[in-house]
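Below, all heavy atoms of this structure are taken into account, side chains as well, without hydrogens, waters or symmetry copies.
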Amino acid sequence: GAVVSQHPSWVICKSGTSVKIECRSLDFQATTMFWYRQFPKQSLMLMATSNEGSKATYEQGVEKDKFLINHASLTLSTLTVTSAHPEDSSFYICSAPRPGDRQETQYFGPGTRLLVL
Amino acid sequence: TQLLEQSPQFLSIQEGENLTVYCNSSSVFSSLQWYRQEPGEGPVLLVTVVTGGEVKKLKRLTFQFGDARKDSSLHITAAQPGDTGLYLCAGGNTGNQFYFGTGTSLTVIP
């Protein structure tokens, strides 16, 4: 099956710093990737759609300047949480559909847990 | 954002019991998926349904997509402790965007 990786898997940072999370499709090219965040015992909330070579599309209520998304290649999307605050602590998950797959299958990364102190 | 409500939100049952989880929305979806997620991991796809009225079976799990493609259900027969986890439905649109349901946390007690 298709593999999507995320790095880092865990990150702890001080309030006010910026944190970059990488999402890579390891065995397929992904023109589109999706970023989600998940709070404990809650569901995944779609934050934005990352488009290779163009601007990301953000969901309503998600701050573009706070969560910077760059999809510079067909296998890599990055999410940068700028000036992180404790309320940004969450589990961030990316996913990508593999071209040619039927039934809109998407492949999820293992997630990145962010803790802002 | 297209809202999908799952019920119940929490469920704790004894091993061997049956259960049904519901996923309801006012929006029509081109497809609907069910996932199970373990703590600290990404969700794992269980099934995708695309046709209104479609029923799919995966061992002890039965999935149904509503005729109007707005709702779905997941039925587990003879639940086992290994079924414990967070069950999520997700509705997909033609843009390949998926919106997740509110989630159902299932605990199966041995």
Please table the atom pairs, donor to acceptor, closer than 3.5 Å between any side-chain atom in residues 100-110 of chain B and protein atoms at least two apart or in another chain.
unit_1: B/T102; atom_1: OG1; unit_2: B/Q6; atom_2: N; d: 2.8
unit_1: B/T104; atom_1: OG1; unit_2: B/Q6; atom_2: NE2; d: 3.2
unit_1: B/T104; atom_1: OG1; unit_2: B/P8; atom_2: O; d: 2.7

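- Looking at A/L44, both its backbone and its side chain come within 4.5 Å of chain B, counting heavy atoms on both sides.
- Counting heavy atoms of neighbouring residues, nucleotides and ligands inside a 6.0 Å radius, atom NE2 of A/H7 does not exceed 12 of them.
- Taking a 6.0 Å sphere around NZ of A/K66, one finds it holds more than 12 heavy atoms contributed by other residues, nucleotides or ligands.
- Heavy atoms closer than 4.5 Å to chain B are found nowhere in A/Q6, neither backbone nor side chain.
- Taking CD of A/Q42 as the start and CG of B/L86 as the end, the distance is 10.5 Å to the nearest 0.5 Å.
- Atom OH of B/Y22 sits in a sparse spot, with 12 or fewer heavy atoms from other residues, nucleotides or ligands closer than 6.0 Å.
- Among residues two or more places apart in sequence or in another chain, the side-chain contact (heavy atoms from CB on, under 4.5 Å) test is passed with B/T51 by B/E54.
- Annotation: side chain of B/Q37 is not in contact with side chain of A/F108 (no heavy-atom distance under 4.5 Å).
- Contact detail for A/F91 and B/E41: the closest heavy-atom pair is CE2-O, 3.6 Å.
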